[in-house]
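Order of the sequence lines sets the chain letters (A, B, ...), proteins ahead of strands, with each chain counted from 1.
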2 protein chains.
Amino acid sequence: MTESTAPVLHETESPKRHDILAAAGMLFMQLGYGATSVDAIARAALVSKATLYAHFPSKEALFATIIDDACRTSLAAPILLPEDDPDVARVLRTLGDQMLRFILEGRALAIHRVVIAEAARFPELGRAFWENGPGRLRQALSAWMQRQQDAGRLRRVDAGLAADQFLGLLRSGGHVRATLGLPPPTEAEIDRTVQAAVDTFLRAFAPTG
Amino acid sequence: MTESTAPVLHETESPKRHDILAAAGMLFMQLGYGATSVDAIARAALVSKATLYAHFPSKEALFATIIDDACRTSLAAPILLPEDDPDVARVLRTLGDQMLRFILEGRALAIHRVVIAEAARFPELGRAFWENGPGRLRQALSAWMQRQQDAGRLRRVDAGLAADQFLGLLRSGGHVRATLGLPPPTEAEIDRTVQAAVDTFLRAFAPTG
DNA sequence: GTCTATAGAAGGATAGAC
DNA sequence: GTCTATCCTTCTATAGAC
């Protein structure tokens, strides 16, 4: 309190600890849990293994810390759902575009894949991923759709189910292939997928009138 | 030729080899590549490691053989798409029901997860999974939809894209959660998802008339 | 083909000096 | 907190007898 005026959020953040987290994060994401050795992490962080074990009790704990943190920070993409925009199609197109590009991009895809890979050994990571990523978006989108229904701009249906369906339409095709390591969709394909998702969704959920 | 009348398909299939494949298949699916040791496989197969290495040149080769084989056989669920049934909704409901239950069931889900997990180390497995599973279904469904369009029972659109969308609607919600190790959807939720997928799809793709 | 026994390397984790 | 050096286990893979 009396030493510094700098707003230190994590006073436990030594530089070495930061280096370890950075190196381990990269290696775990790229190679997975099993194929990444503690030796390799220490080497990449320019740190001895003893130092690593002074900061983290085990390889498992280090992995869990990193992935959990990555879920909390890297998945928290800003969700753009302007309440007052009456153009439902435009809002969905913008959201779909951002969301699809985000989950196809390197980091989010790497997190997704490593979490699926280790969901058996680290069940809590599956939950952390869901709650910070897809679940959060589903929640926000569902609430938005409910309000659009109340405003008469969407047909009245189960909002949670409708949100799931719109997100499912976005993921259709390209995302499954990308998680399997196959070539990701091109820019043009992404645009086409988003447009098609919005079209299909609105054909099905436009207000009856 | 002169010894036996039994129709032997694979004469290279010794009983030990079969035991090894069975044991390794179970362990790899359950624990993944890294967490499964050759020792454990040999023990479970009641075979020595030397015998295992007499049949397979390496752990990697054994893994690749097993997963590739699993993709070819276990993913080849029969695709029921009766050409002559004019009731499009019924066909889609039947297909959706089978498909969704299949990809949520233990074995298919285990294969999916282990392939995603090791897609970096074994890129060819990602392709094998796609081509024998989702890709095959997409292909069949796309062709069926094309013919339904020709018969005037569906609106004329890009059939491949429509197939992707229907499959995306089916996967929406439950499947993503299941791959993350979260509780799979209940029977009732599966039914609801299938019904909702068919409803949304037909609302969007019914013939204009 | 199949076994027992073991080589040889790499894994995670720690002791002890500073 | 950080290092060097090392411990013990486990790993993949093989040699050699049968």
Side-chain angles (χ1 to χ4, degrees), chain A residues 3-4 8-68 114 117-118 120-122 125, chain B residues 3-4 8-68 114 117-118 120-122 125:
Chain A
E3 291 180 2
S4 166
V8 176
L9 286 166
H10 298 99
E11 33 211 329
T12 61
E13 268 260 346
S14 75
K16 299 266 179 186
R17 182 188 172 93
H18 180 267
D19 293 348
I20 295 168
L21 285 170
M26 232 174 43
L27 289 171
F28 279 139
M29 300 287 186
Q30 189 178 340
L31 306 175
Y33 180 81
T36 300
S37 72
V38 177
D39 265 296
I41 296 171
R43 215 177 309 128
L46 302 177
V47 156
S48 77
K49 278 197 287 183
T51 299
L52 188 153
Y53 278 101
H55 286 278
F56 303 94
S58 67
K59 181 187 177 184
E60 289 198 356
L62 174 58
F63 180 74
T65 299
I66 284 181
I67 304 301
D68 189 77
V114 76
E118 301 302 329
R121 202 194 307 237
F122 304 89
L125 294 185
Chain B
E3 290 180 2
S4 165
V8 175
L9 287 165
H10 298 99
E11 34 210 329
T12 60
E13 267 258 346
S14 76
K16 299 265 180 187
R17 183 190 170 93
H18 180 267
D19 293 349
I20 295 169
L21 285 170
M26 234 176 38
L27 289 170
F28 278 139
M29 300 287 185
Q30 189 177 341
L31 306 175
Y33 180 81
T36 300
S37 71
V38 177
D39 264 297
I41 297 170
R43 214 176 310 129
L46 303 177
V47 154
S48 78
K49 279 194 289 184
T51 299
L52 189 153
Y53 278 101
H55 286 278
F56 301 95
S58 68
K59 181 186 176 184
E60 289 199 356
L62 175 58
F63 180 76
T65 299
I66 284 182
I67 304 300
D68 190 76
V114 76
E118 301 302 330
R121 202 195 306 236
F122 304 89
L125 294 186

Spacing of Asp39(B) atom CG and Lys49(B) atom NZ [to the nearest 0.5 Å]: 3.5 Å

Gap between atoms CG and C1', on Asp39(A) and dA10(C) respectively (whole Å): 8 Å

Parallel, tilted or perpendicular: rings of Phe63(A) and Phe122(A) (30°, 60°): tilted

Selection from dA15(D), dT2(C), dC3(D) that lies nearest to any side-chain heavy atom of Ala54(B): dT2(C)

Residue-phosphate contact under 4.0 Å: Lys49(B) side-chain N/O, dT4(C) OP1/OP2: no

Euclidean distance, Glu118(B) CD relative to Glu60(B) CD, rounded to 0.5 Å: 9.5 Å

Out of dT14(C), dT2(D), dT12(D), whichever nucleotide has its closest atom nearest the side chain of Tyr53(A): dT14(C)

d(CG, Asp19(B); C1', dC3(C)) in whole Å: 16 Å

Spacing between His55(B) atom NE2 and dC3(C) atom C1', to the nearest angstrom: 12 Å

Options dT12(D), dT4(D), dT2(C), nucleotide nearest the side-chain atoms of Val38(B): dT12(D)

Donor-acceptor under 3.5 Å (Thr51(B) side chain, Val47(B) main chain): no

Rounded interatomic separation in angstrom, taking CD1 from Ile41(B) and C1' from dA13(D): 13 Å

Separation of atom CG in Leu52(A) from atom C1' in dG11(C), rounded to whole Å: 14 Å

Length of the CZ-P vector between Phe56(A) and dG1(D), whole Å: 11 Å

Side chains of Tyr53(B) and Leu62(B) in contact at under 4.5 Å (non-hydrogen atoms): no

Nucleotide dA10(C), atom C1' - distance to CG of Leu31(A) in whole Å: 16 Å

Separation of dT2(C) C1' from Arg43(B) CZ (nearest whole Å): 18 Å

Earlier contact from the 5' end, DNA chain C, for Tyr33(A) and Leu46(B): Leu46(B)

Sugar-phosphate only, base, or nothing, as touched by Ser37(A) at under 4.0 Å among non-hydrogen atoms: sugar-phosphate

Candidate nucleotides dC3(C), dG12(C), dA13(D), ranked by approach to the side chain of Lys59(A) - the nearest: dG12(C)

N/O (side chain, Thr51(A)) to phosphate O (OP1/OP2, dT2(D)) under 4.0 Å: no

